[in-house]
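This report refers to the structure that appears directly beneath it.
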Amino acid sequence: MLILQFAPAVRGKLVPRFEAHLGVLLALLKQRGHGLSLLGLARHDEAPMKAALARSLPRLIYADISCVCVDAARRALAHIQQREFLPVIAGGAFAAAAPSTCLSLPGVQAVAVGEPDASLVAFLERAKDPAAAQVVAGVWTRDEHGLARPDLPPLIEALESLPFPERELFGYARRVESTGELEISTGRGCPQSCAYCRVPALGRLYQGRGQWVRRRPPENVLAEIDLLLRSYPAARVIRFVDHSFALDNAWLSEFLPKYKARCGLPFRAHLRANAVDAAGCSALAAAGCAAADVEVVSGSDFIRNEVFAMDLHEEQILAALGSLREAGIRSRATFYLGAPYESEASLERTRMLIARIRPDVLDVRPYFPWPGTPAADLARENGWLHPRGETQYHSDRCGLDMPACRGEVVDAFIRRLRHEFPAASTEPWWRRWSQASRSALAGWFPRRAP
């Protein structure tokens with residue numbers, strides 16, 4: 001089986017790019033004896049696709065499609081259908097956001113909606129037997145009889161029953177050598193409902209089908225870290241990728257002391273400014289937290305709370321960044337410029353907030369409306385979606401075109417920030433923390449003793 005991962009090559013991320021959900025799926029398929037090869041594509045490129053097809057000689061293709069790589073997927077799958085006539089099964093973020101549209105892509109015969117662990121694996125197992133019934137919960141299919149849209153299966157709540165994600169197919173050793181980071185996912189789902197994020201929309205699909213916010217037991221997470229440290233000795237830091245990492249105090253209070261005693265490497269994690277205090281920051285720092293990613297998003301209370309439903313106020317932001325600084329945890333504050341209802345006044349409020357919080361790294365991004373989110377629906381209803389669509393994302397330009405705040409206004413504001421805050425550069429954080437910056441951070445992320 002050939003897996004095509006359509007993912008953007010932006011912000012320093014290599015393609016194919018390791019993602020835990022896809023890694024778990026590949027591990028499950030490996031357990032069941034499927035021969036797998038993986039190709040990452042950020043844009044349509046016939047040469048590597050031809051080489052991958054010739055090398056793997058697949059009988060079917062699984063396409064994992066990002067919401068911002070639909071054009072690339074459409075062109076690549078059309079090319080395959082014109083020459084190879086291979087059946088295609090699709091999944092990933094785009095399948096969850098727009099399953100009917102995903103099913104209309106060239107050659108796509110089935111779409112896995114939601115988490116693919118149970119549904120897609122069961123579908124592929126049945127595909128080995130042409131006589132077996134092909135209706136599987138959570139997998140939409142299209143054939144000469146029409147469209148079948150079965151309900152989603154129950155969620156897998158015991159995440160420890162799943163294998164650790166496959167990483168070697170992603171060329172993961174190369175990434176660790178380059179960045180020194182190991183990426184770990186400790187759970188699934190999120191209790192918050194930010195309108196710019198696609199996770200709550202996926203959670204709504206599973207309403208009534210099990211516990212949406214799930215955590216792996218600390219021992220299971222630590223067992224994966226142990227294995228990865230043996231496999232990737234170049235690792236110097238653990239990065240916990242869950243946005244909800246620090247939102248479960250009971251789980252965190254059990255995990256942190258075990259992590260410190262058993263691993264001890266510095267780690268990075270996402271923190272929510274409305275769910276962290278001085279005591280929490282001290283506990284994180286004591287366990288080895290060296291850096292925190294905080295999504296501030298905007299200096300405008302209206303945009304944060306009325307447009308993006310973050311329930312996050314300026315006082316909480318100031319308190320959280322102050323607590324991080326006092327605990328000795330470096331902060332990376334992320335802002336999205338050009339959001340719905342952005343204006344020159346709200347941009348100025350953002351500048352004033354940045355001046356007050358002074359993060360160690362300032363990550364300013366043009367806002368892009370992620371399909372399937374309430375914020376994207378709001379922009380569509382107002383006619384603000386940029387006509388160039390996902391091309392804007394790949395060129396790091398704003399995904400909205402609003403009369404009150406054109407793209408050139410956003411670009412000018414970013415240049416202003418770069419001039420005004422040279423210490424907290426507006427360069428993307430990954431660029432600052434790679435190449436020359438890695439040597440400067442050698443003391444922060446020391447190499448482990450052999």
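Between Arg17 and Glu19, at least one side-chain N (NZ, or NE/NH1/NH2) sits under 4.0 Å from a carboxylate O, which counts as a salt bridge. Using a 4.0 Å cut-off between charged side-chain N and carboxylate O, Lys30 and Glu168 make no salt bridge. Ionic pairing of Arg332 and Asp360 is not present here: no N-O contact between side-chain nitrogen and carboxylate oxygen is shorter than 4.0 angstrom. The existence of a salt bridge linking Asp293 and Arg272 is excluded, since no basic side-chain nitrogen approaches an acidic carboxylate oxygen closer than 4.0 Å. The residues Glu348 and Arg416 are annotated as salt-bridged, a charged nitrogen and a carboxylate oxygen being separated by less than 4.0 angstrom. Electrostatic pairing of Arg188 and Asp242 does not count as a salt bridge here, judged by no charged N lying under 4.0 Å from a carboxylate O. Here Arg397 pairs with Asp411 in a salt bridge; the nearest charged N to carboxylate O distance falls below 4.0 Å.
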Item to check | ring pair (Phe, Tyr, Trp, His ring centres under 6.0 Å) assessment of Phe255 paired with Phe240 | outcome: CA-CA 12 Å; Phe255 175 76; Phe240 295 108; 5.6 Å; yes
Checklist entry - Passes side chain to side chain contact (heavy atoms under 4.5 Å, CB included), Arg239 versus Leu182? Steps please. => result CA-CA 6 Å; Arg239 180 186 177 193; Leu182 288 175; over 6 Å; no
Item to check | Arg356 vs Glu314, side chain to side chain contact (heavy atoms under 4.5 Å, CB included): CA-CA, chis, key distance, verdict | outcome: CA-CA 10 Å; Arg356 295 185 72 186; Glu314 186 168 319; 2.8 Å; yes
Next on the checklist: Using side chain to side chain contact (heavy atoms under 4.5 Å, CB included), reason through Ile303 and Ser346 one step at a time and then give a plain yes or no.
Outcome noted: CA-CA 8 Å; Ile303 290 176; Ser346 63; 3.9 Å; yes
Checklist entry - Could you walk me through whether Glu183 and Tyr172 pass the side chain to side chain donor-acceptor pair (under 3.5 Å) check? => result CA-CA 10 Å; Glu183 300 157 292; Tyr172 202 71; 3.0 Å; yes
Next on the checklist: Between His34 and Leu124, is the side chain to side chain contact (heavy atoms under 4.5 Å, CB included) condition met? List the steps.
Outcome noted: CA-CA 9 Å; His34 291 269; Leu124 292 171; 4.2 Å; yes
Next on the checklist: Between His79 and Arg83, does the side chain to side chain donor-acceptor pair (under 3.5 Å) criterion hold? Intermediate values first, please.
Outcome noted: CA-CA 7 Å; His79 175 85; Arg83 292 161 177 80; 3.0 Å; yes
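Taking the six-membered ring where tryptophan is involved, the planes of Phe245 and Trp251 are perpendicular, since the angle between them exceeds 60° and thus also 30°. His270 and His243 have parallel rings, their planes meeting at less than 30° on a 0 to 90° scale where 60° marks the start of perpendicular.
For the pair Arg75 (side chain) and Asp71 (backbone), a donor-acceptor distance under 3.5 Å is absent. Of the possible polar contacts, none joining the Gln316 side chain to the Ala319 backbone as a donor-acceptor pair under 3.5 Å is found. For the pair Gln81 (side chain) and Gly107 (backbone), a donor-acceptor distance under 3.5 Å is absent. Of the possible polar contacts, one joining the Arg216 side chain to the Asn220 backbone as a donor-acceptor pair under 3.5 Å is found. Side chain of Arg214 to main chain of Trp212: a donor-acceptor pair is present (N/O by atom type, distance under 3.5 Å, no hydrogens or angles). Distance alone, capped at 3.5 Å, is enough to place a donor-acceptor pair between the Tyr206 side chain and the Glu115 backbone. In this structure a side-chain-to-backbone donor-acceptor pair under 3.5 Å is missing from Asp45 to Leu41. Of the possible donor and acceptor atoms, none in the side chain of Ser331 sits under 3.5 Å from a partner among the backbone N and O of Ala333. At distances below 3.5 Å, at least one donor-acceptor pair connects side-chain atoms of Glu342 with backbone N or O atoms of Gly338.
Listed here is the closest heavy atom pair of Leu385 and Ala379: CD2-CB, 3.8 Å. Closest heavy-atom contact between Ser323 and Asp277: OG-C, 4.0 Å. Minimum interatomic distance between His44 and Ala72 (heavy atoms only, all atoms of both residues): N-CB, 4.0 Å.
Side-chain contact of Arg215 with Thr186: a donor-acceptor pair under 3.5 Å is present, judged by distance alone. Under the 3.5 Å distance criterion, with hydrogens and angles disregarded, a donor-acceptor pair is assigned to the side chains of Glu295 and Tyr336. Arg415 and His419 form no side-chain donor-acceptor contact under 3.5 Å, judged by distance and modelled atom types alone.
Around atom CZ of Arg149, no more than 12 heavy atoms belonging to other residues, nucleotides or ligands sit under 6.0 Å away. Under a cut-off of 6.0 angstrom, the local environment of CD in Glu344 is sparse, with at most 12 non-hydrogen atoms contributed by other residues, nucleotides or ligands.
Between Ile61 and Pro87, every side-chain heavy-atom pair lies at or beyond the 4.5 Å cut-off. The side-chain heavy atoms of Val296 and Val294, taken from C-beta on, include a pair separated by under 4.5 Å. Between Leu105 and Ile65, some side-chain heavy-atom pair lies under the 4.5 Å cut-off. Between Cys405 and Val410 the shortest side-chain heavy-atom distance falls below 4.5 Å. Side-chain contact between Val70 and Arg74: present, with at least one pair of heavy atoms (C-beta onward) separated by less than 4.5 Å.
Ring-centre distance between Tyr367 and Phe308: below the 6.0 Å cut-off. Taking the centre of each ring, Phe123 and Trp140 stay at or above the 6.0 Å mark.
Remark: Arg175 fails to qualify as a cation-pi partner of Phe18 under the 6.0 Å distance and 45° angle criteria applied to the six-membered ring.
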